[in-house]
Asks: 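The structure follows.
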Amino acid sequence: MAERIFGHIPNVYEGDNFENRLTLSHSKVHRPTQAGISGSQKEGADSIVLSGGYEDDQDLGDVIIYTGHGGRDPDSKKQVANQILSDKNLALAINCQNGLPVRVIRGASHKSQFSPEFGYRYDGLYKVVKYWKKKGKSGFNVWLFRLEKIDTDKSLGFEVKEDAPEYAKTTRTTVIQQRINRDYSLTIRVKEIYNFHCQVCNTKLFTNAGFYAEAAHIKPLGEPHHGPDTLDNLLCLCPNHHVMFDFGGFMIDDDFTLVGLDGKLTVKPEHQINKDFLRYHREHFTI
DNA sequence: CCCCCAAATGAT
DNA sequence: ATCATTTGGGGG
């Protein structure tokens with residue numbers, strides 16, 4: 001299977017139109033030819049289509065209340081059963097918990113003032129800010145997802161000038177894209193290595209969407225630290241210890257002894273941690 | 001690998 | 001409306 005791309009697809013811009021689901025699929029913007037949600041419960045959802053099939057959808061433009069899938073009679077298309085938080089619905093929940101963007105495509109059959117007249121239109125990136133269960137118009141439970149539009153360029157710390165040449169935009173999009181995806185797959189990997197247990201306290205949190213942990217960079221990414229997005233610069237932490245680590249609440253010695261907290265960092269053999277990054281963290285974040 | 005699904009599509 | 005066909009993806 002081709003790698004799932006989160007965020008914009010290189011060379012595709014907001015407002016681009018597609019004749020039908022097949023051309024949309026070939027563009028990589030939304031790969032499934034029928035399903036409304038593209039994603040997996042492990043990685044999250046990379047794109048959704050609004051096609052007007054679900055009566056509990058609400059399209060307010062920059063805010064969308066999107067109904068999960070399932071529970072419909074294949075012939076009548078009516079809700080005939082409760083939806084459950086699994087498969088693609090779970091994928092959207094993963095986006096919410098991990099702050100992953102989802103591409104939104106509106107189809108002409110979706111009846112709203114924001115729908116295109118014909119075919120399908122790529123409408124940019126949204127974040128999943130909340131999800132909940134509700135009794136839908138049919139009387140059966142549906143899962144709803146609140147999507148809010150994000151300004152990609154600003155949220156990534158880039159200011160793409162209106163008059164920038166196309167080639168520059170393209171290159172930048174590609175570079176940003178590759179970075180997001182590489183970093184995200186490593187995030188999944190470090191969590192899997194520790195099976196979502198915090199390396200500091202061994203806590204394993206669970207939610208209605210499964211287990212929850214955070215991947216923490218030892219030497220921070222970006223300005224001015226320029227830490228790399230590599231496995232040897234990542235830790236699997238619970239949210240509390242992630243916050244403490246980022247804000248210098250504790251340090252980690254070269255032998256993994258914790259400074260400021262009792263005990264030692266749990267480290268698996270398949271996870272080589274670069275001690276230079278531990279040193280960098282000690283030097284720059286200790287009181 | 002096989003099986004099944006899916007907010008589609010095109011023809012009756 | 002309904003039917004058959006289609007295609008990519010996900011999961012076991």
Side-chain angles (χ1 to χ4, degrees), chain A residues 1-7 9 12 16-61 63-95 98 100 102-126 128 131 133-134 136-147 181 184-185 188-189 192 209-211:
Chain A
M1 185 192 65
E3 189 194 5
R4 188 179 308 289
I5 296 177
F6 287 90
I9 301 296
V12 178
D16 281 1
N17 290 285
F18 302 88
E19 202 175 334
N20 53 41
R21 285 294 295 266
L22 223 45
T23 53
L24 182 63
S25 176
H26 292 151
S27 75
K28 313 287 184 199
V29 173
H30 185 76
R31 296 184 297 175
T33 50
Q34 292 186 214
I37 304 172
S38 167
S40 73
Q41 52 186 33
K42 176 180 159 185
E43 301 169 291
D46 57 322
S47 60
I48 60 161
V49 174
L50 285 145
S51 302
Y54 284 81
E55 59 197 4
D56 295 296
D57 281 355
Q58 273 183 272
D59 188 0
L60 309 173
V63 174
I64 298 168
I65 308 300
Y66 187 77
T67 311
H69 81 130
R72 300 200 321 164
D73 180 84
D75 298 324
S76 70
K77 310 291 185 193
K78 302 272 185 210
Q79 288 298 138
V80 293
N82 290 330
Q83 290 186 348
I84 50 175
L85 190 58
S86 67
D87 301 321
K88 312 303 172 94
N89 296 346
L90 201 45
L92 281 169
I94 296 297
N95 283 54
N98 293 290
L100 295 166
V102 64
R103 289 183 297 277
V104 168
I105 298 97
R106 286 187 174 87
S109 56
H110 166 66
K111 297 305 170 204
S112 98
Q113 57 174 307
F114 306 102
S115 314
E117 201 172 343
F118 305 105
Y120 296 85
R121 186 187 63 224
Y122 175 46
D123 280 345
L125 303 179
Y126 284 68
V128 183
Y131 64 92
K133 184 178 73 177
K134 185 191 155 187
K137 291 179 177 166
S138 64
F140 293 100
N141 288 338
V142 291
W143 280 90
L144 297 174
F145 299 85
R146 181 186 172 95
L147 312 179
N181 281 323
Y184 180 57
S185 60
I188 292 178
R189 215 158 113 212
E192 281 180 345
F211 299 112

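Lettering of chains follows the sequences in order, A, B, ..., and the numbering in each one begins at 1.
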Asks: Does C:dG9 have OP1 or OP2 under 4.0 Å away from a side-chain N or O of A:Arg31?
Replies: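 Yes, within the criterion.
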Asks: Hey, does A:Ser109 reach any base, or is it just sugar-phosphate, or nothing, if we go heavy atoms under 4.0 Å?
Replies: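 No contact at all - A:Ser109 keeps every heavy atom at 4.0 Å or more from the nucleic acid.
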Asks: Of the candidate nucleotides C:dG11, B:dA6, C:dG8, which contains the atom at the shortest distance from the side chain of A:His69?
Replies: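 The answer is B:dA6, which lies nearest to the side chain.
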Asks: Which nucleotide in the set C:dG9, B:dA7, C:dG11 lies at the smallest distance from any side-chain heavy atom of A:Arg21?
Replies: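 Nearest nucleotide to the side chain: B:dA7.
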Asks: Using a 4.5 Å cut-off on heavy atoms from C-beta on, say whether the side chain of A:Val63 contacts that of A:Arg146.
Replies: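 Answer yes - side chains close enough.
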Asks: In whole angstrom, give the distance that lies between atom CD of A:Glu19 and atom C1' of B:dG10.
Replies: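 Taking atom C1' of B:dG10 as the reference, CD of A:Glu19 is at 13 Å.
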Asks: Check whether A:His30 reaches the backbone of A:Arg21 with its side chain - one donor and one acceptor, N or O, closer than 3.5 Å.
Replies: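 A pair under 3.5 Å: no.
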Asks: So what does A:Gly39 touch, heavy atoms closer than 4.0 Å: a base, only the sugar-phosphate, or nothing?
Replies: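 Counting heavy atoms under 4.0 Å across all strands, the contact made by A:Gly39 is with sugar-phosphate only.
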Asks: With A:Arg72 as the cation and A:Tyr54 as the aromatic partner, state whether NZ or CZ is under 6.0 Å from the six-membered ring centre and within 45° of the axis.
Replies: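 Yes, a cation-pi geometry holds between A:Arg72 and A:Tyr54.
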Asks: Counting only side-chain N and O atoms of A:Tyr54, is one of them less than 4.0 Å from OP1 or OP2 of B:dA6?
Replies: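 Answer no for this pair, as no side-chain N or O of A:Tyr54 is under 4.0 Å from OP1 or OP2.
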Asks: Check this for me: does any side-chain nitrogen of one of A:Glu43 and A:Arg4 sit under 4.0 Å from a carboxylate oxygen of the other?
Replies: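 A salt bridge links A:Glu43 with A:Arg4.
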Asks: Watson-Crick or G-U wobble partner for C:dT6, using a 3.5 Å limit on both distances?
Replies: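 C:dT6 is paired with nothing.
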Asks: Would you say A:Asp59's side chain and A:Gln113's backbone share a donor-acceptor pair under 3.5 angstrom?
Replies: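 No, the answer is negative, given that no donor and acceptor are paired below the 3.5 Å cut-off.
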Asks: Pairs under 3.5 angstrom, nitrogen or oxygen only, protein versus nucleotides 1-6 of chain C, please.
Replies:
none

Asks: The side chain of A:Asn20 lies closest to which of these nucleotides: B:dT9, C:dG8, B:dA7?
Replies: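 Shortest atom-to-atom distance from the side chain points to B:dT9.
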Asks: Donor-acceptor pair, distance only, cut-off 3.5 Å: does the side chain of A:Tyr120 make one with the backbone of A:Leu50?
Replies: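 Here the side-chain-to-backbone pair does not exist.
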Asks: Distance check needed: C:dG11 C1' versus A:Lys42 NZ, whole Å only.
Replies: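 Roughly 12 Å, once rounded to whole Å.
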Asks: Using the ring of each side chain (for Trp, its six-membered ring), is A:Trp143 parallel, tilted or perpendicular to A:Tyr131, with breaks at 30° and 60°?
Replies: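 The arrangement is tilted - the two ring planes meet at 30° to 60°.
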Asks: Rounded to the Å, how far apart are A:Arg4 CZ and C:dG9 C1'?
Replies: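 Result: 8 Å.
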Asks: Quick check: are there more than 12 heavy atoms from other residues, nucleotides or ligands sitting under 6.0 Å from CD1 of A:Ile84?
Replies: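 No, not enclosed.
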Asks: Atom CZ of A:Arg72 to atom P of B:dC5: distance rounded to whole Å?
Replies: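 Atom CZ in A:Arg72 sits about 14 Å away from atom P in B:dC5.
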Asks: How would you label the contact of A:Tyr66 with the nucleic acid (heavy atoms, under 4.0 Å): base, sugar-phosphate, or nothing?
Replies: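 Counting heavy atoms under 4.0 Å across all strands, the contact made by A:Tyr66 includes a base.
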Asks: Nearest-Å distance, CG (A:Leu24) to P (C:dG9)?
Replies: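 Rounded to whole Å, this separation is 12 Å.
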Asks: Choosing from C:dG10, B:dA6, C:dG11, which nucleotide comes nearest the side chain of A:Ala35?
Replies: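 Of the candidates, B:dA6 comes closest.
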Asks: What is the base-pairing partner of B:dA7, counting Watson-Crick and G-U wobble geometry with both distances under 3.5 Å?
Replies: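 Looking at the geometry, B:dA7 pairs with no nucleotide.
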Asks: C:dG8 P sits how many Å from A:Ile105 CD1, rounded?
Replies: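 Computing the A:Ile105:CD1 to C:dG8:P distance gives 17 Å.
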Asks: In whole Å, what is the span from the NE2 atom of A:His30 to the C1' atom of C:dG8?
Replies: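 It is 10 Å, rounded to the nearest whole Å.
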Asks: Expressed in angstrom and rounded to an integer, what is the separation of A:Leu50 atom CG from B:dA8 atom P?
Replies: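 Taking CG of A:Leu50 and P of B:dA8, I get 13 Å after rounding.
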